[in-house]
Structure formats: C-alpha cells, structure tokens
There are 2 protein chains.
Amino acid sequence: MHAAVASAGAPPKTLPFGDLQRDRSAPDAAPLGSVRVLAKDEEIFAEGDRTAFFYKVISGAVRTSKLLSDGRRQIDAFHLAGDMLGIEAGDEHRFSAEAVGPAKVVSYRRWSPETLASGNGTFAREVVQAMMRSLERAQNHMLLLGRKSAVEKVATFLLDLAERSFADGHVDLPMSRSDIADHLGLTIETVSRSLTQLERDRVIEVPAHRRTIVLRDRAALRRLNS
Amino acid sequence: MHAAVASAGAPPKTLPFGDLQRDRSAPDAAPLGSVRVLAKDEEIFAEGDRTAFFYKVISGAVRTSKLLSDGRRQIDAFHLAGDMLGIEAGDEHRFSAEAVGPAKVVSYRRWSPETLASGNGTFAREVVQAMMRSLERAQNHMLLLGRKSAVEKVATFLLDLAERSFADGHVDLPMSRSDIADHLGLTIETVSRSLTQLERDRVIEVPAHRRTIVLRDRAALRRLNS
DNA sequence: CGTGTTATTGACTTCATTCAAATTAGGTGG
DNA sequence: CCACCTAATTTGAATGAAGTCAATAACACG
C-alpha cells in the first residue's frame with residue numbers, strides 16, 4: 001500500500017503529458033498512436049460507435065457528451081491537453097466526443113481488459129490512472145450537478161478549469177456558454193447571469209472578448225465551492 | 001440508446017459475484033478479505049480516511065456519498081450484493097460509505113496501481129472491471145442529474161434498480177426516501193410526489209409498506225428514461 | 001462595414017423547494 | 001392483541017430559483 005501511496009499522491013504530475021511519445025523506446029509494446037488534427041466541432045467518435053480506439057488530447061479541448069432522445073445534452077467532461085478519453089469497458093462508446101475548438105489528439109488501438117490487467121508497462125499504468133481520474137472527476141461532478149446552486153456551479157467550474165490549465169490569474173475558456181451550460185446542468189442564460197453576478201460581486205472580471213475570465217477573488221470562489 | 005443500457009447490464013455478468021471466494025485456489029495471490037457485518041447506517045469508511053481497504057458487498061446495500069460543508073449530501077451510488085466500492089487512486093477516500101440497512105461486506109487490502117497493472121489474475125481484472133462499471137454508472141447518473149426532470153429521475157432510478165436486483169415485477173427499496181432524494185438531486189417531498197404521480201398514471205403501484213414498488217408499465221418507465 | 005453567430009439582459013412562467021400539517025408504518029411494552 | 005409512540009412518508013399551500021421566450025448587444029469574419 002505504501003507504494004500505492006507514493007505513486008498515487010501526485011499521479012497527474014508524475015506522468016508527463018508527452019509520455020507516450022517515448023514509448024517507442026519502452027520495453028512493452030504500447031501501441032503508438034497516430035495524430036489526428038481536428039477542426040472546431042469535429043466529431044472524434046459518436047455514442048454507439050465501436051471502441052476501436054481511445055485517445056489522448058495533445059492540444060485544444062475535447063468534450064464528451066450524452067444525449068437524451070429529445071436532444072437534451074449532458075457534457076460529462078472537458079478533456080484538456082494530456083487527458084485521455086474514450087476508455088470503455090464494452091465494445092461501444094457510451095458517449096460522443098467532439099473537438100471544442102481546433103484540437104489535436106493521438107489515437108491508440110483499443111486495449112482489452114486482459115491487456116490492461118496483465119500488461120506490466122507504464123502504458124497500462126497510465127491508462128488505469130486516467131480511468132481513476134475520470135471516476136474522481138465524475139464523482140465530484142455529481143455532487144455539483146445534484147446539490148449546487150447555479151452560482152456555485154459556475155464558481156466551481158471556473159476554479160477547476162483554472163487549476164487544470166496552468167494559467168494563474170485568469171482562465172481562458174475554450175468552450176461556448178452553451179457547452180458550459182450543458183456541462184453544469186444549466187441554460188446559457190443562467191450561466192450568463194451567474195457570471196454577471198460574480199462580476200457584480202467583484203469575484204471575477206469578464207473582459208471584452210468574453211472567453212477570458214479574470215479571477216479576482218479566489219477565496220470567494222473557493223468558499224462557493226464549499 | 002436501449003442497447004447501450006442493455007449492454008451495460010451484460011458485461012458485469014461475465015464476472016460471477018462469488019468470484020473472489022474462489023481466489024483461494026487461483027494462482028495469483030489475491031488477498032482474501034475478512035467479512036464485516038454491518039448494522040443500519042453503520043459507517044464503513046469516511047471521506048478523508050486512509051484507503052487501506054476496499055470492499056465488496058455480500059448482502060444488503062451500501063451507499064457512498066459526499067457532503068458539502070453545510071450538510072448538503074450527494075449519494076453517488078448504491079452498491080448491491082456483488083458490487084465493489086472504495087477503489088481509489090489516492091491514499092484517501094473521496095467519499096464516505098455506510099450501510100443502508102443491515103449488510104455484509106468483505107474487505108480487501110488495498111492494491112497498488114502496480115499490482116493492478118502487473119497482476120495477471122482474475123482478481124486484478126475484476127477490480128478493473130468494477131472501476132469501469134462505476135465510471136459508466138457515474139456517466140449515466142450525470143445525465144440524469146443534469147438533464148432529467150423529477151419524474152424522469154425517479155422512473156430511471158426504479159428501472160435501474162429493478163434491473164440490478166433480480167426481482168422482476170417489483171423493486172424492493174432498501175433505502176429511505178431521504179437516501180433516494182440525495183441520490184437523485186431532489187428533496188424527499190419531490191420524490192414522494194413523483195412516486196404518487198407515477199402511481200396516478202398507472203405506471204407503478206405502491207403497496208402499504210412503502211418500500212416495495214410494483215412496476216406495472218415498464219414501457220412507460222422506459223419512455224421516461226428517454 | 002455588413003452579416004451571422006454568440007452572449008447578455010429583461011419579463012414572465014414553471015418546476016421543484018420550503019415550510020407546515022396530516023397520515024401511516026412499525027416497534028415496544030402492557 | 002392492542003394502545004401508544006416515534007420515525008417515515010405523504011400531502012397541501014406558498015415561495016423561489018432557474019427556465020423559457022423575446023429582444024438587444026457585442027463580437028468575429030469575410
């Protein structure tokens with residue numbers, strides 16, 4: 001368990017993003033994927049597609065989402081540079097993935113559960129870590145969706161994105177208000193109003209081109225994060 | 001769509017629930033855990049506890065939940081017989097777990113990511129599968145929390161529980177309305193009203209002791225599931 | 001510069017919550 | 001077996017937070 005503690009404590013940072021490029025020289029036969037360049041809103045895979053590949057974001061952002069029959073959409077996550085997506089248990093993707101803006105991803109041939117459990121390389125470990133990270137995010141996000149108010153949702157979202165990007169005093173939103181709304185379980189109007197309220201309360205600042213948010217009072221944001 | 005839900009139910013079945021008991025005879029040294037008998041509401045672990053163990057439910061039901069500082073609670077999942085819980089990346093549990101009613105669980109000493117990635121036994125495979133199943137459930141649940149109406153939430157919940165239990169025409173709810181509410185992001189009153197509405201619409205029947213629900217019109221429930 | 005898209009703001013509505021009360025279930029001791 | 005008691009659930013009425021509909025406003029791009 002000690003070993004687990006050590007490697008689990010700082011898992012994201014211990015696995016550099018460019019890691020996989022180096023697998024060429026690694027002993028285990030990690031499949032080195034091919035790079036795919038994506039335009040805004042370009043689809044990577046759709047819900048129900050065969051899970052032939054999974055992906056890692058090189059640059060830009062990718063959203064994964066599910067739809068109800070009448071078109072209501074839930075974006076379960078935004079994937080930034082270094083994040084993996086499309087790892088599935090079954091043989092079909094359970095959500096669709098599209099580029100939020102121009103983006104680059106690497107695709108890897110799908111592993112079997114056997115590969116994962118028996119492969120002893122860095123690659124398998126990285127995939128397991130990615131899966132667990134997704135699970136943790138999903139659990140936090142359920143708390144947000146089920147129990148937080150609109151303003152709290154937006155505050156949490158901004159804080160989270162600020163931590164994941166490496167910019168410090170501000171966040172650059174790669175996604176539209178509509179994407180944010182569908183991620184937070186709100187409407188675009190409510191997202192907009194929440195941002196306005198946070199700005200009124202001097203917690204954030206929203207410069208002219210509305211895709212940058214300046215974090216003025218992190219403590220206040222953290223308080224809203226409860 | 002439906003097929004997706006159906007296939008989600010299927011893969012778990014390939015790993016029999018009693019699996020671990022048989023690890024005694026398996027070649028890899030899977031840690032055979034000790035059984036713990038739990039009373040109603042008894043805590044298995046708390047948010048922030050060291051992740052020394054993880055667990056598998058033998059009988060009864062277990063809830064895992066997260067709290068906000070002011071007491072708002074989100075139950076991210078109910079774990080029934082055969083389900084695993086408490087598998088974490090870090091060295092601390094990110095949610096707490098309590099028995100919903102009288103229950104039995106087996107505890108296993110925590111694996112390290114290395115164990116998981118390098119172990120080639122059924123045990124490692126089962127843990128990976130359990131993790132992926134959790135992730136799938138979480139993703140479906142985010143769609144529910146973010147985008148479904150109260151009645152849709154309750155309908156989805158009943159259908160899901162009916163599939164996971166093996167009873168066919170009815171569901172026995174091991175948990176209180178309060179637990180259901182905190183799982184669906186609602187209040188107990190709204191859960192109750194939703195059940196009443198479904199009963200008015202002849203979709204379900206709620207016998208005297210209100211912990212059993214008779215599913216009268218599965219098609220209607222599935223429609224609400226979108 | 002227009003033009004189409006994206007975002008903000010306002011007025012009104014609605015669904016779920018809150019607060020409060022009534023009802024029912026289930027356990028305990030007589 | 002019954003009366004009582006406590007906790008759980010249901011129901012009702014009023015409120016409120018977020019949604020809907022509709023109208024600007026501000027960009028981004030050719």
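Just so we're on the same page: letters track the sequence lines, and every chain starts at 1. As the structure is a prediction and not an experimental result, all values here were calculated from the model. Side-chain atoms are counted along with the backbone in the values below, which use heavy atoms only and exclude waters and symmetry mates.
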Trainee: Send over the distance from Lys153(A) NZ to dA18(D) C1', rounded to a whole Å.
Mentor: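 Rounded to whole Å, this separation is 9 Å.
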Trainee: Taking CZ from Arg193(A) and C1' from dG16(D), how many angstroms apart are they, rounded to a whole number?
Mentor: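 Atom-to-atom, Arg193(A) to dG16(D), this comes out as 14 Å.
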Trainee: When you check the gap from the basic side-chain N to the acidic O, do Lys66(B) and Asp76(B) get nearer than 4.0 Å?
Mentor: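 Judged by the 4.0 Å cut-off on N to carboxylate O distance, Lys66(B) and Asp76(B) do not form a salt bridge.
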Trainee: For Ser194(A), which of Leu184(A), Ile180(A), Val151(A) qualifies under side-chain contact (heavy atoms from CB on, under 4.5 Å)?
Mentor: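 Answer to the side-chain contact (heavy atoms from CB on, under 4.5 Å) test with Ser194(A) among Leu184(A), Ile180(A), Val151(A): Val151(A).
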Trainee: Rounding to an integer number of Å, can you tell me how far Leu186(B) CG sits from dT10(D) P?
Mentor: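 It works out to 14 Å between those atoms.
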Trainee: Taking NZ from Lys148(A) and C1' from dA18(D), how many angstroms apart are they, rounded to a whole number?
Mentor: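 Rounded to whole Å, this separation is 18 Å.
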Trainee: Shoot me the first and last contacting nucleotide of DNA chain C against chain B, ordered 5' to 3', at under 4.0 angstrom to non-hydrogen atoms.
Mentor: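 Listing 5' to 3', DNA chain C meets chain B from dA16(C) to dG26(C).
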Trainee: Among Leu221(B), Asn225(B), Leu173(B), exactly one meets side-chain contact (heavy atoms from CB on, under 4.5 Å) together with Phe157(B). Which residue is that?
Mentor: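 For Phe157(B), the side-chain contact (heavy atoms from CB on, under 4.5 Å) test succeeds with only one of Leu221(B), Asn225(B), Leu173(B), which is Leu173(B).
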Trainee: Taking side chain as C-beta onward, heavy atoms only, is Leu159(A) less than 4.5 Å from Leu161(A)?
Mentor: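 No; the side chains remain at least 4.5 Å from each other.
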Trainee: Tell me: CG of Leu198(B) to P of dT9(D), nearest whole Å?
Mentor: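 So the two atoms are 17 Å apart, to the nearest Å.
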Trainee: With a 4.0 Å cut-off on N to O distance, would you call Asp182(A) and Arg72(A) a salt bridge?
Mentor: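 Salt bridge between Asp182(A) and Arg72(A), a charged N being under 4.0 Å from a carboxylate O: no.
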Trainee: Rounded to whole angstroms, how far apart are CD1 on Ile188(A) and P on dA18(D)?
Mentor: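 After rounding, the reported distance stands at 16 Å.
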Trainee: For the helix from dC1(C)-dG30(D) to dG30(C)-dC1(D), what is the angle between the axes at its two ends, each from 5 pairs, rounded to 10°?
Mentor: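 Nearest ten degrees gives 50° for this helix.
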Trainee: Identify, between Thr187(A) and Ser192(B), the residue whose nearest nucleotide on DNA chain D lies closer to the 5' end.
Mentor: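 This one resolves to Ser192(B).
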Trainee: Taking the side chain of Arg211(B) as its heavy atoms from C-beta onward, which of dA8(D), dT20(D), dT10(D) lies nearest to it?
Mentor: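 Nearest listed nucleotide: dA8(D).
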Trainee: Check Glu47(A) with Arg94(A), please: is the shortest side-chain N to carboxylate O separation under 4.0 Å?
Mentor: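 Glu47(A) and Arg94(A): not salt-bridged.
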Trainee: In whole angstrom, give the distance that lies between atom CG of Asp70(A) and atom C1' of dG19(D).
Mentor: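 Answer to the nearest Å: 15 Å.
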Trainee: Between His183(A) and His141(A), is there a side-chain heavy-atom distance shorter than 4.5 Å?
Mentor: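 SC-SC contact between His141(A) and His183(A) confirmed.
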Trainee: What is the separation between atom CG on Leu184(A) and atom P on dA18(D), rounded to the nearest whole Å?
Mentor: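 It is 12 Å, rounded to the nearest whole Å.
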Trainee: Measuring from the side chain of Thr190(A) (C-beta onward, heavy atoms only), which nucleotide among dG19(D), dT20(D), dT10(D) has the closest atom?
Mentor: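 Out of dG19(D), dT20(D), dT10(D), the nucleotide with an atom closest to Thr190(A)'s side chain is dG19(D).
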Trainee: Looking at Phe45(B) versus Phe53(B), is the centre-to-centre ring distance below 6.0 Å?
Mentor: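 They do not qualify: ring centres at least 6.0 Å apart.
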Trainee: Determine, for Arg73(A) against Asp179(A), whether the closest basic-nitrogen to carboxylate-oxygen distance falls under 4.0 angstrom.
Mentor: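 Counted as a salt bridge, because a side-chain N and a carboxylate O are separated by less than 4.0 Å.
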Trainee: Here's a test of your reading of the structure: between Val151(B) and Ser176(A), which maps to the more 5' nucleotide of DNA chain C?
Mentor: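 Nearest nucleotide further toward 5': that of Ser176(A).
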